[in-house]
Amino acid sequence: MIGIVSVLLVVILLVSTLLILLALSGKKKDTSGDRKRKKRSKSRDALIRDATRRLAQNPKDSEALLTLGDIYYQDQVWDKAYKTYGTLVELCGANPELNEFEINMRYGMAALKLNLIDDAYKGLVIARSLQQNNFEVNYNLGVLEFQKKNYEKAVQILQQARTQDPEHALTLRYLGHGYFKLHKYRESLVLLRKAVDLVPDDKESIYAMGECYYELGQAEQAIKIFTHLRPDPVLGPSASLFAGTIHLNQHQYAKAIMDFEIGLKHENIKNEIQLELKYRLAMAYLRQQEIGKALNHLKDIQAVNPNYKDVPALIGKYQELNSNKNLQIYLMASTGDFVTLCRKVVLNFFPRAKVKITNIAVNKNEWVDILTDVDTPKWADVVMFRFIRSTGAVGELIVRDFHAQLKEVKAGKGLCITAGTFTDEAKKYVEARLIDLYDKDKLGGLLKGIDASTTQLEI
């Protein structure tokens with residue numbers, strides 16, 4: 001038993017001794033490391049003191065300037081590095097031994113860090129003229145050209161940077177955006193995909209990819225991207241506007257309305273984006289025959305910008321339509337509902353007359369010709385009606401065409417009816433002919449009292 005205890009005491013003593021030695025060794029190493037750092041700091045401080053002393057005697061001492069410039073540049077003291085290399089740039093012309101490329105590059109980079117764009121651009125341009133295969137110069141100068149909207153130059157320089165570092169995400173990003181600005185969407189898309197693979201949260205590049213898909217006719221791919229970006233607090237309003245516009249063009253009005261409404265829920269929307277979202281939302285509601293909702297948004301727009309696009313004209317037009325169901329049908333309903341309404345007008349046009357409709361001809365949803373046999377107590381004749389859906393001015397050519405149709409079917413009388421007006425030429429043409437012109441005001445009288453119960457309205 002005593003032997004076992006003795007062995008244990010020996011083991012404990014050896015382990016304790018070992019731990020003490022290790023601790024002392026670590027302290028020695030730490031002390032050695034501290035000494036090295038102090039030595040480096042002392043060396044740096046000594047270099048600065050020496051260079052400063054020399055510059056006090058000679059402000060153009062290039063060797064002293066190079067020493068200070070290098071220290072400031074390595075330590076990222078950009079304001080001092082910028083000032084020092086700025087002085088060296090001025091000395092390059094008189095001292096061919098100076099490394100003009102490195103001095104201008106570092107001057108440009110220091111200026112860039114300080115957001116002194118003009119000086120940065122000048123320094124990097126000179127550096128690139130001296131050496132064109134430096135990645136740092138090519139990348140940063142390419143970005144500056146992009147920011148200056150010199151997209152051709154930017155693409156050219158960034159392509160060179162890409163050859164030096166093919167996987168540099170920001171080079172791919174700016175190169176892709178540069179091609180996009182030049183409307184080279186296929187080239188842009190390839191580069192933006194690679195950039196997003198490297199930096200998946202680059203939402204601006206993802207948004208640009210959506211625009212590329214749209215411009216290349218790949219609407220479904222574009223919609224996927226814009227729908228994904230709708231909740232984004234920065235890009236969400238624009239993405240919603242784009243998605244809604246695509247759905248609007250595809251006649252998917254319910255989806256377009258949802259897109260635009262999501263966009264309008266964002267806070268801090270740019271004024272121009274907000275106005276356009278409301279304008280297109282109003283257009284979508286009009287396509288859905290929800291005139292009241294459309295008018296609300298149009299009036300909101302008018303309150304902010306009274307002359308925005310054709311908003312005043314739309315409000316004037318649709319306020320009247322909103323209170324006149326028959327006029328809505330006349331202008332906006334499907335062709336079938338429009339023709340049904342016109343038939344009712346024809347049958348009620350001549351009081352106490354027997355009217356028989358013998359033919360109906362539709363011209364591309366622009367107008368409908370209805371031929372009738374009319375028998376009244378005083379006269380009987382063949383009468384043709386032309387109902388024109390336009391709210392604009394009807395000219396002489398359409399009236400001439402109507403007159404030709406009258407002669408072809410041997411009608412004794414014609415009535416040309418529009419929701420707009422007639423030009424002076426059209427009015428003059430019918431003066432000596434058996435054609436009566438009914439403009440918007442007279443049409444309103446004809447529509448009063450007509451039963452508006454037609455089939456469901458469609459566009």
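Just so it is clear, the model here is predicted, and its values are computed rather than measured.
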Which value, rounded to the nearest 0.5 Å, describes the distance between H247 atom NE2 and I257 atom CD1?
12.0 Å
Using only heavy-atom distances, determine whether the side chains of Y73 and R106 contain a donor-acceptor pair under 3.5 Å.
no
CG-NZ distance between L298 and K309, expressed to the nearest 0.5 angstrom
11.5 Å
Output all residues satisfying side-chain contact (heavy atoms from CB on, under 4.5 Å) with K224, sequence neighbours left out; order by chain, then residue number.
Q221
Review item, side-chain donor-acceptor pairs of residues 405-419, under 3.5 Å, at least two apart:
{"unit_1": "K413", "atom_1": "NZ", "unit_2": "D436", "atom_2": "OD2", "d": "2.8"}
{"unit_1": "T418", "atom_1": "OG1", "unit_2": "S390", "atom_2": "O", "d": "3.2"}
{"unit_1": "T418", "atom_1": "OG1", "unit_2": "G420", "atom_2": "N", "d": "3.0"}

Mind checking whether F350 and W379 have ring centres under 6.0 Å apart?
yes
From the options F180, Y213, Y179, select the one residue that forms a ring pair (Phe, Tyr, Trp, His ring centres under 6.0 Å) with Y185.
F180
Are F385 and F349 an aromatic pair by the rule of ring centers under 6.0 Å?
yes
Decide, yes or no, whether a salt bridge links D401 with R386 under the criterion of side-chain N to carboxylate O below 4.0 Å.
yes
So that I can tick it off, tell me whether K428 and E396 are bridged by a salt bridge, with the cut-off set at under 4.0 angstrom between side-chain N and carboxylate O.
no
Does the ring center of H297 lie less than 6.0 Å from the ring center of Y279?
no
Kindly assign one of parallel, tilted or perpendicular to the pair F226 and F242, based on the angle between their ring planes and the thresholds 30° and 60°.
parallel
Tell me whether K184 is salt-bridged to E187, with the criterion being a basic N under 4.0 Å from an acidic carboxylate O.
no
So, Y174 versus E145: side-chain donor-acceptor pair below 3.5 Å or not?
no
Pairwise distance CD1(I206) to NZ(K203) - rounded to 0.5 angstrom
7.5 Å
So CG of N305 and CG of D300: to nearest 0.5 Å the spacing works out to 13.0 Å
Would a line drawn from the ring center of H177 to the ring center of Y151 be shorter than 6.0 Å?
no
Would D373 and T358 count as having a side-chain donor-acceptor pair, cut-off 3.5 Å?
no
Rounded distance [0.5 Å steps], CG in N140 versus NZ in K113:
7.5 Å
